[in-house]
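Below, chains carry the letters A, B, ... as their sequence lines are ordered, and counting in each starts from 1.
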2 protein chains.
Amino acid sequence: MIRETIVLVKKDNVHAYVQAYEYIRDRILNGELERGTKLVEERLAEEIGISRTPVRESIRKLEQEGLIKQKRVVNPSDMDLRHIFQVRILLEGFAARHCASFMTEEALVKLKECVDIGSTGNTEEVMSANNEFHDIIVGATNNPMMIDIIDRMQSIIYLFRKTVVYHKRPFLIEEHHDIYKAILLHNGDEAERLMKEHLQNDLEFCLNRMETQQ
Amino acid sequence: MIRETIVLVKKDNVHAYVQAYEYIRDRILNGELERGTKLVEERLAEEIGISRTPVRESIRKLEQEGLIKQKRVVNPSDMDLRHIFQVRILLEGFAARHCASFMTEEALVKLKECVDIGSTGNTEEVMSANNEFHDIIVGATNNPMMIDIIDRMQSIIYLFRKTVVYHKRPFLIEEHHDIYKAILLHNGDEAERLMKEHLQNDLEFCLNRMETQQ
DNA sequence: TTTTTAAAAAATGTATACAAAATTATAAAA
DNA sequence: TTTTATAATTTTGTATACATTTTTTAAAAA
């Protein structure tokens, strides 16, 4: 009861630029703002009900993060995706190896849960569990720099996933399961190898679907 | 003559937020703004001779890039440096391996030049050549994402280098030479291994010097 | 003395205004 | 018709004003 009130008050007090940031980010990620769309400060300001100043600020932030480029929603090419994955494979490969040696018990349990939801959950749940699988592994490095870099890349990758019926990608759950198992058995070499292979498959699936669709 | 005029005109027309960005960045990197210093928008605006609006924008950009944190010049800890290097070692290790297979002839020549300046140049030249050595290798990946990430990290690392008499680090030139040689001989494994070792040494040198100084 | 409290000052977040630049629409020429 | 030139419109970059929040300072209480 009290908590609810606090939350509501807080929500009102949230800085306009945070509102703007979240509003624009959401609309980009859920596809309402299509790739290539020009973002006009004044129109967005009106839509959100604030002035241009905080809208500007949030656009600049999203520009830094890579979701906006030259006032337009990014429209990454095949090549961009390849480049992103080249980095991702290096970092997440390392993360998986790291997990095989240093992962906590709780994290391992959560990881297992994510794998299981892969076969028991509905589309929504599976999607979310799959993302969490990677987040847990990356998070276990306890390296904020690494976490931040991957987070940023993931939101760009998400733009591709949308257009792609990603949850239907074959073998995805099996691959997650194998990675989990290698980590469980403290087999770092194998965990890294499997993660890299897994992400390579992801990339290829995305690229293929793009060709088919566009 | 004509060119000079154009440059001057251009310089005048440069957006205020670019001026602000460069001004603040320079002052952070050359140490005039010490680590931990609070950045006050109005004071900077006055100093540069513009209004707060573009100053704000540039501060936000630098915040995204990691040189400013919560309105203060970053003051990275030992741990931060370790985390940065953990990522750097992965990416530059890969870059070195990549170079062993795919580097152009010109790039190789330039790389050799950098190594040579290491023994013939003055302090200034050596410092700059050492930085270029890494830039060339990373640049050869042709992966803008990777280049961007490393660039960003390097400016934070630079904050440490300043306080440290970096050009005197033992074996640095020799290590660069060995990496160059491995690349020249198309020995990817060795290039990667040596690069990782080299960066690890860099990290440890920085950490040691920090302890001594502070 | 150290700790609290109240007042003053400084700094930030946001709105608004306006000139310069970029874009779009319209009319004239090829 | 297409192309070019001009005018109208939109959009951006910057300055400025002001209310709210944060920080600092000074005074009072413990």
Side-chain angles (χ1 to χ4, degrees), chain A residues 2-3 5-28 32-75, chain B residues 2-3 5-28 32-75:
Chain A
I2 291 165
R3 196 145 165 233
T5 318
I6 291 169
V7 169
L8 284 173
V9 171
K10 260 237 153 176
K11 191 94 193 187
D12 269 353
N13 279 14
V14 152
H15 283 311
Y17 75 82
V18 177
Q19 263 180 266
Y21 172 79
E22 288 175 355
Y23 177 82
I24 299 172
R25 188 172 197 276
D26 284 357
R27 285 176 67 88
I28 291 177
E32 285 175 306
L33 285 168
E34 277 177 41
R35 297 201 228 159
T37 310
K38 178 135 193 240
L39 296 168
V40 178
E41 293 172 8
E42 194 146 339
R43 196 140 60 75
L44 290 166
E46 217 169 341
E47 253 174 79
I48 304 170
I50 58 180
S51 82
R52 269 179 59 212
T53 316
V55 170
R56 261 186 139 245
E57 201 159 307
S58 61
I59 288 183
R60 282 285 143 74
K61 185 162 187 216
L62 288 162
E63 217 152 22
Q64 279 299 111
E65 290 182 10
L67 279 181
I68 295 177
K69 236 170 199 149
Q70 293 159 198
K71 320 253 139 200
R72 289 170 185 282
V73 178
V74 271
N75 191 1
Chain B
I2 290 166
R3 194 143 165 236
T5 318
I6 290 169
V7 169
L8 285 173
V9 171
K10 260 235 154 179
K11 192 94 192 188
D12 269 351
N13 279 12
V14 152
H15 284 311
Y17 73 85
V18 177
Q19 263 180 266
Y21 172 79
E22 288 176 355
Y23 177 82
I24 300 171
R25 188 171 198 277
D26 283 357
R27 284 177 67 88
I28 292 177
E32 284 174 306
L33 286 168
E34 274 176 44
R35 298 201 227 160
T37 310
K38 178 130 194 248
L39 296 168
V40 178
E41 294 173 7
E42 194 145 343
R43 197 138 61 76
L44 290 166
E46 215 168 343
E47 252 173 81
I48 305 170
I50 57 180
S51 83
R52 268 181 60 213
T53 315
V55 170
R56 255 179 147 253
E57 202 159 307
S58 61
I59 287 182
R60 282 284 143 76
K61 186 161 188 216
L62 288 162
E63 216 152 24
Q64 278 300 110
E65 291 183 9
L67 278 181
I68 295 177
K69 234 167 200 154
Q70 294 158 199
K71 318 257 140 199
R72 288 172 185 282
V73 177
V74 271
N75 190 1

Novice: Output all residues satisfying side-chain contact (heavy atoms from CB on, under 4.5 Å) with B:T53, sequence neighbours left out; order by chain, then residue number.
Specialist: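 Here the qualifying residues are B:S51.
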
Novice: Starting from C1' on C:dT12, measure out to CG on B:L44 and report it in whole angstrom.
Specialist: 14 Å

Novice: For A:K71 and C:dT23, is the shortest distance between a side-chain N/O and OP1 or OP2 below 4.0 Å?
Specialist: no

Novice: Just checking, is any N or O donor in the side chain of A:Y21 or A:E65 under 3.5 Å from an acceptor N or O on the other one?
Specialist: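 Yes, side-chain donor-acceptor contact under 3.5 Å.
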
Novice: Roughly how far apart are B:E32 CD and B:T37 OG1, rounded to 0.5 Å?
Specialist: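 If I round to the nearest 0.5 Å, the distance is 11.0 Å.
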
Novice: Can you tell me the distance, in whole Å, between the CD atom of B:E46 and the P atom of C:dA11?
Specialist: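 My rounded result for the distance is 11 Å.
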
Novice: Round to the nearest Å and state the distance from B:E42 atom CD to C:dT14 atom P.
Specialist: 17 Å

Novice: Would you indicate which nucleotide in C:dT12, D:dT14, C:dG13 comes nearest to any side-chain atom of A:R52?
Specialist: D:dT14

Novice: Starting the side chain at C-beta, find the nucleotide from C:dT14, C:dT12, D:dG13 nearest to A:E41.
Specialist: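 Closest nucleotide to the A:E41 side chain: D:dG13.
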
Novice: Counting heavy atoms from C-beta on, name the nucleotide in D:dT14, C:dG13, D:dT11 closest to the side chain of A:H15.
Specialist: C:dG13

Novice: Check every strand shown and say whether B:I59 touches a base, only sugar-phosphate, or nothing at a heavy-atom separation below 4.0 Å.
Specialist: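 Counting heavy atoms under 4.0 Å across all strands, no contact is made by B:I59.
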
Novice: Between P on C:dA9 and CZ on B:R43, what's the gap in Å once rounded to a whole number?
Specialist: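 The answer, rounded to whole Å, is 19 Å.
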
Novice: Nearest whole Å is fine: how far is D:dT22 P from B:K38 NZ?
Specialist: 11 Å

Novice: Nearest heavy-atom pair of A:S58 and A:V55: which atoms, and what distance?
Specialist: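 Smallest heavy-atom distance, with atoms named: OG-O, 2.8 Å.
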
Novice: Can you work out whether A:L39 or B:I50 has the more 5'-proximal nearest nucleotide on DNA chain D?
Specialist: A:L39

Novice: Compile the donor-acceptor pairs under 3.5 Å between side chains in residues 67-74 of chain B and protein atoms, sequence neighbours left out, one pair per line.
Specialist:
unit_1, atom_1, unit_2, atom_2, d
B:R72, NH1, B:G36, O, 3.0

Novice: Starting at CD of B:E63 and ending at C1' of C:dG13, how long is that distance when rounded to a whole Å?
Specialist: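 After rounding, the gap between these two atoms is 14 Å.
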
Novice: Of the nucleotides D:dT12, C:dA15, D:dT14, which has the atom closest to the B:S51 side chain?
Specialist: D:dT14

Novice: For a quick test of reading the model: is some side-chain N or O of B:T53 closer than 4.0 Å to OP1 or OP2 of D:dT14?
Specialist: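 Result: no.
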
